[in-house]
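So the structure is just underneath, and the comments pick up after that.
Values in this document were obtained by computation on a predicted structure and should not be read as measured data.
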Amino acid sequence: DGPADLEEHDILRVRLRGDGRRYAVNIATDNIMEDHIFQGFVQPPANGDWATFELDFADLIMTWRGMVAGRDEQAVLLSKAHVTSIGFSISDNKEAPFRLEIGPCAAVVLTTRQRYHFEEERSYRLQLSSAGKAKARQRMPGGRPVLAAGVAGDDSVDDEGDARAA
(Lines give C-alpha, C1' and ligand atoms only; values in the text may rest on other atoms or scores of the structure.)
Protein backbone atom coordinates (compact mmCIF):
# COMPACT_ATOMS: atom_id res chain seq x y z
CA ASP A 1 0.00 0.00 0.00
CA GLY A 2 1.31 3.39 -0.98
CA PRO A 3 0.09 6.86 -0.07
CA ALA A 4 -3.62 7.66 -0.47
CA ASP A 5 -4.50 10.10 -3.24
CA LEU A 6 -7.09 12.52 -1.83
CA GLU A 7 -6.31 15.31 -4.30
CA GLU A 8 -9.92 15.65 -5.50
CA HIS A 9 -11.34 15.77 -1.96
CA ASP A 10 -12.29 18.93 -0.07
CA ILE A 11 -12.75 17.94 3.56
CA LEU A 12 -12.03 15.23 6.06
CA ARG A 13 -15.20 14.16 7.87
CA VAL A 14 -14.65 12.33 11.18
CA ARG A 15 -17.13 10.99 13.67
CA LEU A 16 -15.98 11.13 17.30
CA ARG A 17 -17.23 10.58 20.82
CA GLY A 18 -15.10 11.96 23.60
CA ASP A 19 -14.77 13.65 26.90
CA GLY A 20 -14.86 17.35 26.06
CA ARG A 21 -11.09 17.64 25.75
CA ARG A 22 -9.30 19.06 22.71
CA TYR A 23 -7.71 16.69 20.20
CA ALA A 24 -5.49 17.16 17.16
CA VAL A 25 -6.27 15.45 13.88
CA ASN A 26 -2.86 14.65 12.36
CA ILE A 27 -2.27 14.10 8.65
CA ALA A 28 1.13 12.94 7.43
CA THR A 29 2.32 12.88 3.84
CA ASP A 30 5.42 11.38 2.27
CA ASN A 31 6.55 14.58 0.57
CA ILE A 32 7.24 16.95 3.47
CA MET A 33 10.14 17.28 5.86
CA GLU A 34 10.71 14.57 8.45
CA ASP A 35 8.66 14.94 11.67
CA HIS A 36 6.32 17.49 10.05
CA ILE A 37 2.57 16.87 9.95
CA PHE A 38 -0.54 18.86 9.17
CA GLN A 39 -3.01 19.36 12.02
CA GLY A 40 -6.58 20.46 12.63
CA PHE A 41 -8.29 20.53 16.01
CA VAL A 42 -11.57 19.14 17.33
CA GLN A 43 -13.32 19.10 20.67
CA PRO A 44 -15.97 16.39 21.06
CA PRO A 45 -18.74 17.21 23.53
CA ALA A 46 -18.21 16.19 27.15
CA ASN A 47 -21.64 14.57 27.40
CA GLY A 48 -20.51 11.47 25.50
CA ASP A 49 -22.65 12.10 22.40
CA TRP A 50 -21.25 11.27 18.98
CA ALA A 51 -20.40 14.33 16.87
CA THR A 52 -19.37 14.72 13.24
CA PHE A 53 -16.53 17.13 12.45
CA GLU A 54 -15.56 18.48 9.05
CA LEU A 55 -12.03 19.78 8.53
CA ASP A 56 -11.12 21.62 5.35
CA PHE A 57 -7.78 20.33 4.10
CA ALA A 58 -6.85 23.93 3.21
CA ASP A 59 -7.19 25.00 6.86
CA LEU A 60 -4.75 22.48 8.32
CA ILE A 61 -1.61 23.86 9.95
CA MET A 62 1.86 22.41 9.42
CA THR A 63 3.56 21.51 12.69
CA TRP A 64 6.90 20.08 13.77
CA ARG A 65 6.92 18.07 16.99
CA GLY A 66 3.82 19.86 18.25
CA MET A 67 4.99 23.38 17.42
CA VAL A 68 3.64 25.47 14.56
CA ALA A 69 6.19 25.29 11.77
CA GLY A 70 8.07 28.42 10.71
CA ARG A 71 6.78 30.85 8.11
CA ASP A 72 8.92 29.39 5.32
CA GLU A 73 7.71 25.90 6.14
CA GLN A 74 4.07 27.07 6.25
CA ALA A 75 4.41 27.95 2.57
CA VAL A 76 4.44 24.19 1.92
CA LEU A 77 0.90 23.13 1.10
CA LEU A 78 -0.62 19.83 2.10
CA SER A 79 -0.19 17.47 -0.82
CA LYS A 80 -3.41 15.51 -0.66
CA ALA A 81 -2.02 13.15 -3.31
CA HIS A 82 0.53 11.74 -0.83
CA VAL A 83 -1.34 11.08 2.45
CA THR A 84 0.39 8.31 4.40
CA SER A 85 -1.53 8.45 7.68
CA ILE A 86 -4.34 10.11 9.58
CA GLY A 87 -4.22 9.98 13.38
CA PHE A 88 -5.46 11.61 16.55
CA SER A 89 -3.65 12.94 19.63
CA ILE A 90 -4.65 14.68 22.83
CA SER A 91 -3.91 18.38 22.49
CA ASP A 92 -4.83 20.27 25.65
CA ASN A 93 -1.54 19.87 27.58
CA LYS A 94 -3.30 18.35 30.60
CA GLU A 95 -1.87 15.24 32.16
CA ALA A 96 -5.06 13.32 32.90
CA PRO A 97 -7.03 10.32 31.66
CA PHE A 98 -8.83 10.85 28.37
CA ARG A 99 -11.36 9.04 26.20
CA LEU A 100 -11.75 9.36 22.44
CA GLU A 101 -13.78 6.93 20.35
CA ILE A 102 -13.30 7.12 16.60
CA GLY A 103 -16.15 6.29 14.26
CA PRO A 104 -16.21 6.47 10.47
CA CYS A 105 -13.71 8.80 8.79
CA ALA A 106 -13.91 9.81 5.13
CA ALA A 107 -12.35 12.24 2.70
CA VAL A 108 -15.28 13.96 0.99
CA VAL A 109 -15.82 15.83 -2.27
CA LEU A 110 -18.30 18.65 -1.69
CA THR A 111 -20.85 19.73 -4.25
CA THR A 112 -21.03 23.43 -5.07
CA ARG A 113 -23.99 23.83 -2.73
CA GLN A 114 -22.26 22.00 0.11
CA ARG A 115 -19.11 24.10 -0.40
CA TYR A 116 -21.23 27.27 -0.13
CA HIS A 117 -22.74 26.13 3.19
CA PHE A 118 -19.35 24.99 4.47
CA GLU A 119 -17.83 28.42 3.69
CA GLU A 120 -20.84 30.16 5.27
CA GLU A 121 -20.34 28.19 8.49
CA ARG A 122 -16.60 28.95 8.47
CA SER A 123 -17.30 32.66 8.12
CA TYR A 124 -19.76 32.50 11.02
CA ARG A 125 -17.23 30.64 13.21
CA LEU A 126 -14.55 33.23 12.44
CA GLN A 127 -16.92 36.04 13.42
CA LEU A 128 -17.67 34.30 16.71
CA SER A 129 -14.02 33.59 17.36
CA SER A 130 -12.82 37.10 16.61
CA ALA A 131 -15.51 38.53 18.87
CA GLY A 132 -14.40 36.20 21.64
CA LYS A 133 -17.82 34.54 21.79
CA ALA A 134 -16.93 31.08 20.51
CA LYS A 135 -18.08 28.41 22.92
CA ALA A 136 -17.92 24.63 22.63
CA ARG A 137 -21.38 24.74 20.99
CA GLN A 138 -23.04 27.73 19.35
CA ARG A 139 -26.11 27.86 17.13
CA MET A 140 -25.81 29.22 13.65
CA PRO A 141 -28.83 30.82 11.93
CA GLY A 142 -30.86 27.92 10.60
CA GLY A 143 -30.25 25.82 13.71
CA ARG A 144 -27.14 23.94 12.58
CA PRO A 145 -24.62 23.54 15.39
CA VAL A 146 -21.19 25.06 15.07
CA LEU A 147 -18.46 23.50 17.18
CA ALA A 148 -15.39 25.31 18.45
CA ALA A 149 -11.88 24.71 17.12
CA GLY A 150 -12.74 25.42 13.51
CA VAL A 151 -14.93 22.42 12.81
CA ALA A 152 -18.63 22.07 12.20
CA GLY A 153 -21.34 19.50 12.13
CA ASP A 154 -23.37 16.83 13.80
CA ASP A 155 -25.95 14.27 12.76
CA SER A 156 -28.19 17.00 11.30
CA VAL A 157 -25.75 17.70 8.47
CA ASP A 158 -27.50 16.63 5.26
CA ASP A 159 -25.23 15.31 2.53
CA GLU A 160 -28.18 15.18 0.11
CA GLY A 161 -26.66 11.95 -1.18
CA ASP A 162 -24.35 13.71 -3.59
CA ALA A 163 -21.08 13.85 -1.66
CA ARG A 164 -18.46 11.26 -2.52
CA ALA A 165 -16.34 9.76 0.20
CA ALA A 166 -12.93 8.13 -0.24
Side-chain angles (χ1 to χ4, degrees), residues 3-18 20-29 31-32 36-45 49-63 68-69 71 73-83 85-89 91-92 100 102-166:
D5 184 355
L6 306 179
E7 196 62 41
E8 300 299 318
H9 298 79
D10 299 302
I11 63 170
L12 177 66
R13 183 176 291 149
V14 298
R15 188 144 170 79
L16 304 170
R17 180 164 54 185
R21 294 179 67 184
R22 184 177 161 156
Y23 294 87
V25 179
N26 307 310
I27 299 180
T29 67
N31 66 333
I32 58 174
H36 285 69
I37 59 174
F38 289 87
Q39 292 187 311
F41 299 92
V42 296
Q43 189 168 357
D49 287 345
W50 285 96
T52 300
F53 297 88
E54 296 176 337
L55 293 97
D56 191 325
F57 287 112
D59 290 340
L60 300 177
I61 301 166
M62 182 188 275
T63 62
V68 174
R71 187 176 13 182
E73 295 165 312
Q74 287 297 334
V76 175
L77 299 176
L78 171 63
S79 174
K80 296 183 290 183
H82 298 273
V83 174
S85 70
I86 298 174
F88 299 86
S89 59
S91 154
D92 62 6
L100 180 67
I102 302 167
C105 299
V108 177
V109 176
L110 297 176
T111 64
T112 302
R113 182 175 179 196
Q114 290 168 324
R115 171 55 70 185
Y116 172 80
H117 289 296
F118 189 84
E119 295 297 333
E120 187 178 65
E121 288 176 353
R122 177 189 304 171
S123 174
Y124 183 76
R125 287 190 308 272
L126 289 173
Q127 289 173 13
L128 285 175
S129 176
S130 66
K133 296 179 183 174
K135 303 245 188 269
R137 271 191 155 338
Q138 296 289 334
R139 287 277 167 195
M140 182 181 154
R144 289 181 65 183
V146 176
L147 301 175
V151 293
D154 76 348
D155 291 336
S156 68
V157 176
D158 179 12
D159 288 2
E160 299 178 16
D162 49 9
R164 294 182 317 181

Between Phe88 and Val14, does a side-chain contact (heavy atoms from CB on, under 4.5 Å) hold up when you go through it step by step? CA-CA 11 Å; Phe88 299 86; Val14 298; 4.1 Å; yes
Minimal non-hydrogen separation, [X] against [Y], with atom names:
X: Pro44; Y: Gly18; result: CB-N, 3.6 Å
X: Ile37; Y: Ala28; result: CG2-CB, 4.1 Å
X: Ala24; Y: Asn26; result: CB-OD1, 3.6 Å
X: Ala81; Y: Pro3; result: O-CB, 4.4 Å
X: Ser79; Y: Thr29; result: O-CG2, 3.6 Å
X: His9; Y: Phe57; result: O-CD1, 3.7 Å

Heavy-atom donor-acceptor pair, Gln43 side chain to Arg21 backbone, under 3.5 Å: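 Between the backbone of Arg21 and the side chain of Gln43 there is no qualifying donor-acceptor contact (under 3.5 Å).
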Salt bridge Asp10-Lys80, side-chain N to carboxylate O under 4.0 Å: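 Here Asp10 does not pair with Lys80 in a salt bridge, since their nearest N and O are not under 4.0 Å apart.
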Spacing of [X] atom [atom1] and [Y] atom [atom2] [to the nearest 0.5 Å]:
X: Thr63; Y: His36; atom1: OG1; atom2: NE2; result: 8.0 Å
X: Leu100; Y: Arg17; atom1: CG; atom2: CZ; result: 10.5 Å
X: Phe53; Y: Cys105; atom1: CZ; atom2: SG; result: 11.5 Å
X: Ile27; Y: Leu12; atom1: CD1; atom2: CG; result: 5.0 Å
X: Thr52; Y: Arg15; atom1: OG1; atom2: CZ; result: 4.0 Å
X: His117; Y: Glu54; atom1: NE2; atom2: CD; result: 12.0 Å

Trace of the side-chain contact (heavy atoms from CB on, under 4.5 Å) decision for Arg115 with Asp56: CA-CA 10 Å; Arg115 171 55 70 185; Asp56 191 325; 2.9 Å; yes
Between Leu16 and Tyr23, is there a side-chain heavy-atom distance shorter than 4.5 Å?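 SC-SC contact between Tyr23 and Leu16 ruled out.
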Could you check Val42 against Leu55 for side-chain contact (heavy atoms from CB on, under 4.5 Å), going step by step and ending with a plain yes or no? CA-CA 9 Å; Val42 296; Leu55 293 97; 4.1 Å; yes
